[in-house]
There are 2 protein chains.
Amino acid sequence: MASVHSQRTGEELPSRQPLYVQVRDQIVTSIEAGEWHAGDMLPSEFELADRFRVSQGTVRKGLDLLEAEGVLRRRQGLGTFVAEADDGWGRAELPGIGHPLDADLELLSCSRGHAGDTAAAALGLRRGAAITVVRRLARVAGEPFALIDSCVSSERFDGLDARRIKQADCNLRRIWLRQFGLRVVSDSPLYRAGLAGREEARLLGVGLDAPLLEVLRTASGMDGRPVEWTTVWCRTDLYGYRP
Amino acid sequence: MASVHSQRTGEELPSRQPLYVQVRDQIVTSIEAGEWHAGDMLPSEFELADRFRVSQGTVRKGLDLLEAEGVLRRRQGLGTFVAEADDGWGRAELPGIGHPLDADLELLSCSRGHAGDTAAAALGLRRGAAITVVRRLARVAGEPFALIDSCVSSERFDGLDARRIKQADCNLRRIWLRQFGLRVVSDSPLYRAGLAGREEARLLGVGLDAPLLEVLRTASGMDGRPVEWTTVWCRTDLYGYRP
DNA sequence: CAGTGGTCTAGACCACTCG
DNA sequence: GAGTGGTCTAGACCACTGG
């Protein structure tokens with residue numbers, strides 16, 4: 001990797017990235033291309049250094065980035081592994097110091113629509129652009145906990161439908177990665193409190209006007225551009241929400 | 001810093017920390033001891049390397065940690081600077097992509113009490129231990145936005161009172177640092193949604209049973225032990241909450 | 001035991017900021 | 001130009017894991 005241009009097809013990227021960032025990007029690209037799947041062990045740092053024509057320390061710095069982003073997991077004496085794509089909707093947790101609880105995801109709907117002002121701004125689309133809205137329900141111990149609406153550009157994720165989502169166990173990030181070759185990372189969310197409307201109350205099993213936690217978040221691809229806009233409506237009478 | 005024991009007074013810490021962690025700890029200790037204050041420039045990496053008897057790369061790794069924790073700020077060509085202690089209660093932000101808004105903090109009360117189960121568990125104290133509760137109000141553009149209750153051990157923060165808090169512009173972290181020589185970092189918060197009680201409604205200027213965002217968070221010292229337990233009640237009808 | 005990641009060093013060069 | 005942080009290298013040794 002003596003030079004960016006010698007290995008890239010000729011696109012761009014902000015002029016000149018440090019080598020360790022290029023290493024990071026190359027590894028993400030390889031994962032997105034299907035060279036390594038979730039659970040696979042990556043070549044050793046020295047092998048990667050050889051492959052990318054950089055020193056082992058530079059490879060390590062790139063791997064450090066990816067571990068911090070949750071893309072890789074490393075264990076001393078064992079190796080570096082590709083992490084399972086986390087759906088990233090959040091987690092339920094008991095307020096008194098406890099571990100995150102397991103939740104089951106259920107697909108409620110997958111429908112087409114047009115971007116309103118908020119969604120368009122969040123996704124960098126023009127107002128009225130075609131979007132696909134995926135509505136899911138998260139259950140904890142069988143009880144409804146969160147209603148999750150995710151919006152993506154219909155153009156970018158062409159062919160996204162209920163069948164595919166169910167096949168992927170309702171894990172959207174897994175679909176982005178395996179079907180569309182795109183690994184995303186969640187941005188920092190914005191939080192609000194609101195009251196349950198008719199629809200939310202029915203789906204979450206709470207009374208009308210019950211207090212609900214609203215979590216607003218975008219997720220961006222490796223290039224930093226937002227590709228997913230998610231709103232979570234969360235009842236927190238039993239559990240708290242941990243990002 | 002050939003050995004931990006040669007420079008430590010003989011306490012403990014998990015057996016044997018890496019050198020760069022020891023560098024990090026030494027620097028925090030120096031800041032807490034008042035050697036460098038907020039805004040001060042630290043010695044260069046090479047000077048620090050000389051002082052700690054390690055290589056410049058090891059110093060850098062320690063500084064990287066501190067920058068990630070928000071303790072230091074570094075600017076290429078300029079130097080490394082001690083960051084202002086951030087109070088860490090959070091920030092208000094307009095839901096449609098915008099910057100965090102400035103908030104004014106007002107002290108409502110500073111009172112003594114006894115730890116309930118939650119506070120005791122969160123702070124690692126015994127139930128009923130003496131605690132000091134600081135209640136503050138955050139205003140955005142003059143309008144009440146958040147009610148912030150912070151609990152600390154009265155024993156550890158002996159002499160904490162309203163006068164000191166006002167002198168520090170209601171920035172508690174600044175007091176922990178300057179008066180008690182302790183720099184803390186916020187842990188990941190837990191979120192809930194609730195309804196405004198009589199007290200919260202009055203102070204925040206919302207109606208009874210208005211939806212409020214509840215943020216629960218501990219903050220821990222350099223040694224990882226929790227020292228501050230904060231609950232934020234936040235009205236989010238106008239702005240969102242960003243951690 | 002061999003192979004992995006984790007730490008540490010010494011030295012080089014670059015990019016930025018200021019006077 | 002002098003001084004700073006940012007990147008990169010090559011090589012060494014340690015600590016952990018598995019067979």
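Throughout, a chain's letter reflects where its sequence line sits, starting with A, and its residues are numbered from 1. FYI, side chains are in, hydrogens and waters are out, and symmetry mates aren't considered; it's all heavy atoms of this structure.
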Measure from the side-chain N and O atoms of Arg192(B) to the backbone N and O of Leu216(B), and report whether any donor-acceptor pair falls under 3.5 Å. no

Can you tell me which residue among Thr230(B), Asp149(B), Asp87(B) is in a side chain to side chain donor-acceptor pair (under 3.5 Å) with Arg136(B)? Asp87(B)

Using whole Å, report how far CE of Met41(A) lies from P of dG19(D). 12 Å

Position toward the 5' end of DNA chain C (nearest nucleotide), Ser55(B) or Leu78(B): Ser55(B)

Atom CZ of Phe52(B) and atom C1' of dT7(C) are separated, to the nearest Å, by 18 Å

Specify the residue among Thr80(B) and Gln56(A) whose closest nucleotide of DNA chain D lies further upstream toward the 5′ end. Thr80(B)

Are any side-chain N or O atoms of Arg217(B) and backbone N or O atoms of Trp89(B), one a donor and one an acceptor, separated by less than 3.5 Å? yes

Atom pair distance, as rounded to whole Å: CD in Gln76(A) and C1' in dC16(D): 5 Å

Distance in angstrom units between Asp50(B) CG and dG11(C) P, rounded: 13 Å

If only side-chain N and O atoms of Thr58(B) are considered, is one of them under 4.0 Å from the OP1 or OP2 phosphate oxygen of dT7(C)? no

With a 4.0 Å limit, can you tell me whether Arg74(B) has a side-chain N or O closer than that to the phosphate oxygens OP1/OP2 of dG6(D)? yes

Without decimals, in angstroms, what is the distance between Phe46(B) CZ and dG6(D) C1'? 11 Å

Under-4.0 Å side-chain N/O to phosphate OP1/OP2 contact, Lys61(B) with dC8(C): no

Could you tell me whether a side-chain N or O of Asp40(B) sits under 3.5 Å from a main-chain N or O of His37(B), the two making a donor and an acceptor? yes

Give the rounded distance in Å between these two atoms: CG of Leu63(A) and P of dT4(C). 13 Å

Output the rounded distance in Å from CG (Leu19(A)) to C1' (dC14(C)). 12 Å

Could you tell me whether the side chain of Glu214(A) and the main chain of Thr231(A) form a donor-acceptor pair under 3.5 Å? no

Using a heavy-atom cut-off of under 4.0 Å over every strand shown, decide if Tyr20(A) touches base, sugar-phosphate, or nothing. sugar-phosphate

Can you find a donor-acceptor N/O pair under 3.5 angstrom joining the side chain of Arg60(B) to the base of dG6(D)? yes

Round to the nearest Å and state the distance from Asp64(B) atom CG to dG5(D) atom P. 12 Å

